[in-house]
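Numbered from 1 within each chain, the chains take letters A, B, ... in sequence-line order. Excluded from the calculations below are hydrogen atoms, water molecules and symmetry mates; all remaining heavy atoms, backbone and side chain alike, are included.
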There are 2 protein chains.
Amino acid sequence: MKETNETNDLQKAGLKATLPRLKILKFLESTAVRHLSAEDVYKAMLDGGDEVGLATIYRVLTQFESAGLVTRHHFEGGHSVFELNEGKHHDHIVCVKCGKVEEFYDETIEERQHLIADKNGFSMTDHALTIYGICSGCQ
Amino acid sequence: MKETNETNDLQKAGLKATLPRLKILKFLESTAVRHLSAEDVYKAMLDGGDEVGLATIYRVLTQFESAGLVTRHHFEGGHSVFELNEGKHHDHIVCVKCGKVEEFYDETIEERQHLIADKNGFSMTDHALTIYGICSGCQ
DNA sequence: AATTAGAATGAGAATAGTTCGCATTTGGAG
DNA sequence: CTCCAAATGCGAACTATTCTCATTCTAATT
């Protein structure tokens, strides 16, 4: 089999398997850091010896978001961070000192969000819950 | 009594009662729109015949935030919106079609957030919960 | 394997939102 | 009423992101 997993993933998502997209997807799958800015991805490409324009990074990440491959978060600080979608939905707890991000999932909160949306006449499409605090290491 | 409420509020917050700060605070207290961008405030000042530089708007809103008079939110779209602090804490539900913002408060969610922070070894300082959906009018 | 049309990319300009630097003005303590 | 530190206004600078468009690449077809 010649086709890589990534090539298949992209095609299933309706995206041509171009070099920049493959490189970015492979990087996202291989890196230990789960929450990355566009700039982070750009630098990682450079470090890996691959030249990918920053505009392309933004375009590709936005396409990945539309295709459901990644999720875009708006943590404090004004810039977007991207996270590869794997496993199940979760929310985040961010350390305001060192920026560390932990993930959590709470069924009760999930349920109540739907209740609240219904009660307000909204059809819920998404939600963003981020807890800010100081992690054990920074206290 | 010569001192206005706003003058007192500012002094209590440790801020000199300057003209731009008074104008902005009065505007925030009088407007029906609770969630405003810096640009919104800037335009409101112009419409009211008051010349306040945009940089000053940003500085003052940031000071108000530090002083606890307003809260800054990062809804989708990249820019900050500010809300006068009055009444109790609440979270938001935002319509992704028309931008309408509703407020809600859910005790159960509040409690569970603290539990989750504790469980992860974080001392919680803040949180941001925004539900996105389509409001009744837009469906 | 060569052709080719349309999609994707790279580079830099453009834009939006926000902050900074500094000369000028202002608030309020004495 | 004076005076100094603090605050303001203005434009430049900055950051994150998007756009433009000439060039390159993908993949379907010959």
Practice task
Compare all side-chain heavy atoms of A:Leu28 with those of A:Leu36 and state whether any distance is below 4.5 angstrom.
Solution key: yes
Problem - Any residue meeting ring-ring contact (aromatic ring centres under 6.0 Å, His included) with B:His127, in chain and number order, not counting sequence neighbours - result: B:His89
Practice task
Spell out, as yes or no, whether a donor-acceptor pair under 3.5 Å connects the side chain of A:His90 to the backbone of A:Lys88.
Solution key: yes
Problem - Set of residues satisfying salt bridge (Lys or Arg N to Asp or Glu O under 4.0 Å) with respect to A:Glu103, sequence neighbours excluded - result: A:Arg34
Fill in the blank from the handout: The complete set of salt bridge (charged side-chain N to carboxylate O under 4.0 Å, His left out) pairs with one or both residues in residues 37-59 of chain B, sequence neighbours excluded, reads B:Lys23-B:Asp50
Practice task
Using atom types as modelled and distance alone, determine if a side-chain donor or acceptor of B:Gln11 lies under 3.5 Å from a backbone N or O of B:Ala17.
Solution key: no
Completion exercise
Across all chains, not counting sequence neighbours, the salt bridge (Lys or Arg N to Asp or Glu O under 4.0 Å) partners of A:Lys16 are none
Practice task
Scan for salt bridge (charged side-chain N to carboxylate O under 4.0 Å, His left out) pairs involving residues 119-132 of chain B, sequence neighbours excluded, and state none if there are none.
Solution key: none
Practice task
Rounded to 10°, tell me the angle between the two end axes of the helix from C:dA1-D:dT30 to C:dG30-D:dC1, each built from five pairs.
Solution key: 20°
Which atoms of nucleotides 8-10 of chain D (N or O only) lie under 3.5 Å from a protein N or O atom, and what are those distances?
residue, atom, partner, partner atom, Å
D:dT8, OP1, B:Thr18, OG1, 2.7
D:dG9, OP1, B:Glu51, O, 3.2
D:dG9, OP2, B:Gly53, N, 3.2
D:dG9, OP2, B:Thr56, OG1, 2.7
D:dG9, N7, B:Arg59, NH2, 2.7
D:dG9, O6, B:Arg59, NH1, 3.3

Practice task
Scan residues 68-75 of chain A against DNA chain C and write down, sorted by residue number, each residue with any heavy atom closer than 4.0 Å; if none is found, say none.
Solution key: none
Handout entry: Phosphate contact (D:dT18 OP1 or OP2) by A:Tyr58 side-chain N/O below 4.0 Å
Key = no
Handout entry: 5' to 3' contact window, DNA chain C with chain B (heavy-atom distance under 4.0 Å)
Key = C:dG17 to C:dG28
Problem - B:Tyr132: ring-ring contact (aromatic ring centres under 6.0 Å, His included) partners, not counting sequence neighbours - result: none
Exercise for the section: Assign each of A:Leu15 and B:Lys16 to its nearest nucleotide of DNA chain C by heavy atoms, then name whichever residue's nucleotide is nearer the 5' end. Expected result: A:Leu15
Handout entry: Touch class at under 4.0 angstrom, heavy-atom based, for A:Ser37 against every strand present
Key = nothing
Practice task
Output all residues satisfying ring-ring contact (aromatic ring centres under 6.0 Å, His included) with A:Tyr42, sequence neighbours left out; order by chain, then residue number.
Solution key: none
Practice task
Output all residues satisfying ring-ring contact (aromatic ring centres under 6.0 Å, His included) with A:His114, sequence neighbours left out; order by chain, then residue number.
Solution key: none
